[in-house]
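Because only heavy atoms are used, hydrogens play no part in the values below, and waters and symmetry mates are left out as well, while side chains stay in. The model shown is predicted, which means the values in this text are computed figures rather than measured ones.
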Amino acid sequence: MIRPNKGSSFVSPHRTQLPRPDASQLYTTESAAEVKEHIGFTYATVFQDDYLVPGFTLTYVDRPKVASVSPAATGAEGGSGSSETPSMILEERSVLDSWVELKVPLATNNVYRKAFADVDGSARVGRIMEIADGLAADVGYRHTVGGYSEAVTVTIATASIDSLVINGREFVGDADMTLCAYCTKVGKSSMEVCVEMEQQDTATRAFALFIMVAIDQTTG
């Protein structure tokens, strides 16, 4: 569901309800290797090639990776995991542990600007949502197993996009965009992830709520 919202104080409902990381918790990088390490799912499915990444800035709360994990270990089946399927019980964590923010350099990255620009000069919402969906999955992987890699045994999938709310303005294809993604609710095998999108040059803001599910041999 896409809903316009023309209020001057437009913000995600979670921005004031959930804690935000402070400067001491944040790391910022423009390194393609580090972008790949910390938002590996978005890198693998959206960026794909190294030449698309220059100019991107990633800000994140660092979180150590975990070798493997089953949703059963985190309560998906109400137990502590099966002896037949090795799993790792993770320590308690907050929504801040999986928080990420990505600046997409549409003003300076010609390849990405061409990929985003529509014929009328606006940015393609589908392209924006492609990155938002990737970041939502990365938040799920970071919260569940510390981050995406080809070795993880859990698949984080998008079950639905609960809502997409835009403040009544259009995103343009030649201004930098910032996407901020963080976990808002966690269940036994699913979670809600909020992705905020903003272009400061145009004062355009939006947010989307993604429902993500964890799938493995236990949950099917």
For Glu30, what residues pass the salt bridge (charged side-chain N to carboxylate O under 4.0 Å, His left out) criterion, not counting sequence neighbours?
->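 Residues passing salt bridge (charged side-chain N to carboxylate O under 4.0 Å, His left out) with Glu30: none at all.
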Between [atom1] on residue [X] and [atom2] on residue [Y], distance to nearest 0.5 Å:
X      : Y      : atom1 : atom2 : value
Lys103 : Thr28  : NZ    : OG1   : 10.5 Å
Ile39  : Thr45  : CD1   : OG1   : 9.5 Å
Ser160 : Leu209 : OG    : CG    : 9.5 Å
Thr178 : Glu196 : OG1   : CD    : 10.5 Å
Arg124 : Phe116 : CZ    : CZ    : 10.0 Å
Thr144 : Met212 : OG1   : CE    : 9.5 Å

May I ask you to decide if Arg205's main-chain N or O and Arg169's side chain share a donor-acceptor pair within less than 3.5 Å?
->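 No, the answer is negative, given that no donor and acceptor are paired below the 3.5 Å cut-off.
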Nearest atoms (heavy-atom pairs only) where [X] meets [Y]:
X      : Y      : value
Phe171 : Met177 : CD2-CE, 3.5 Å
Ala175 : Asp201 : CB-OD2, 3.9 Å
Ala107 : Asp176 : N-OD1, 3.0 Å
Val139 : Cys183 : CG1-N, 3.6 Å
Ala159 : Val213 : CB-CG1, 3.9 Å
Gly40  : Tyr148 : C-CD2, 3.4 Å

Report whether [X] and [Y] are members of the same hydrophobic cluster (ILVMFWY, side-chain heavy atoms less than 4.5 Å apart, transitive linking).
X      : Y      : result
Val35  : Val195 : yes
Val172 : Ile128 : no
Leu102 : Leu164 : yes
Ile156 : Ile211 : no

Using side-chain heavy atoms (C-beta onward) and a distance below 4.5 Å, is [X] in contact with [Y]?
X      : Y      : value
Cys180 : Trp99  : yes
Thr29  : Phe56  : no
Phe210 : Met129 : yes
Tyr182 : Ser98  : no
Ile131 : Val104 : yes

Measure up the Tyr60 and His38 rings against each other and bin them: parallel (under 30°), tilted (30 to 60°), perpendicular (over 60°).
->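 The arrangement is parallel - the two ring planes meet at less than 30°.
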Just say parallel, tilted or perpendicular for the rings of Tyr112 and Phe47, cut-offs at 30° and 60°.
->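 Answer is perpendicular, since the angle exceeds 60°.
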Partners meeting side chain to side chain contact (heavy atoms under 4.5 Å, CB included) with Ser122 (sequence neighbours left out) =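 For Ser122 the side chain to side chain contact (heavy atoms under 4.5 Å, CB included) partners, ignoring immediate neighbours, are Asp118, Asp120, Glu170.
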Write out all pairs satisfying salt bridge (Lys or Arg N to Asp or Glu O under 4.0 Å) with one or both partners inside residues 127-140, taking only residues at least two apart or from two chains.
->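 Residue pairs passing salt bridge (Lys or Arg N to Asp or Glu O under 4.0 Å), neighbours aside: Arg127-Glu130.
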Are there more than 12 heavy atoms of other residues, nucleotides or ligands under 6.0 Å from atom CD of Gln25?
->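 Check passes, neighbour count above 12.
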Given the rule in the side chain to side chain contact (heavy atoms under 4.5 Å, CB included) test, do Val186 and His143 qualify, once you have shown the distances and angles that lead to the verdict?
-> CA-CA 9 Å; Val186 179; His143 186 86; 3.7 Å; yes
Donor-acceptor side-chain pairing of Thr184 and Glu192 below 3.5 angstrom =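 Indeed, the side chains of Thr184 and Glu192 share at least one donor-acceptor pair under 3.5 Å.
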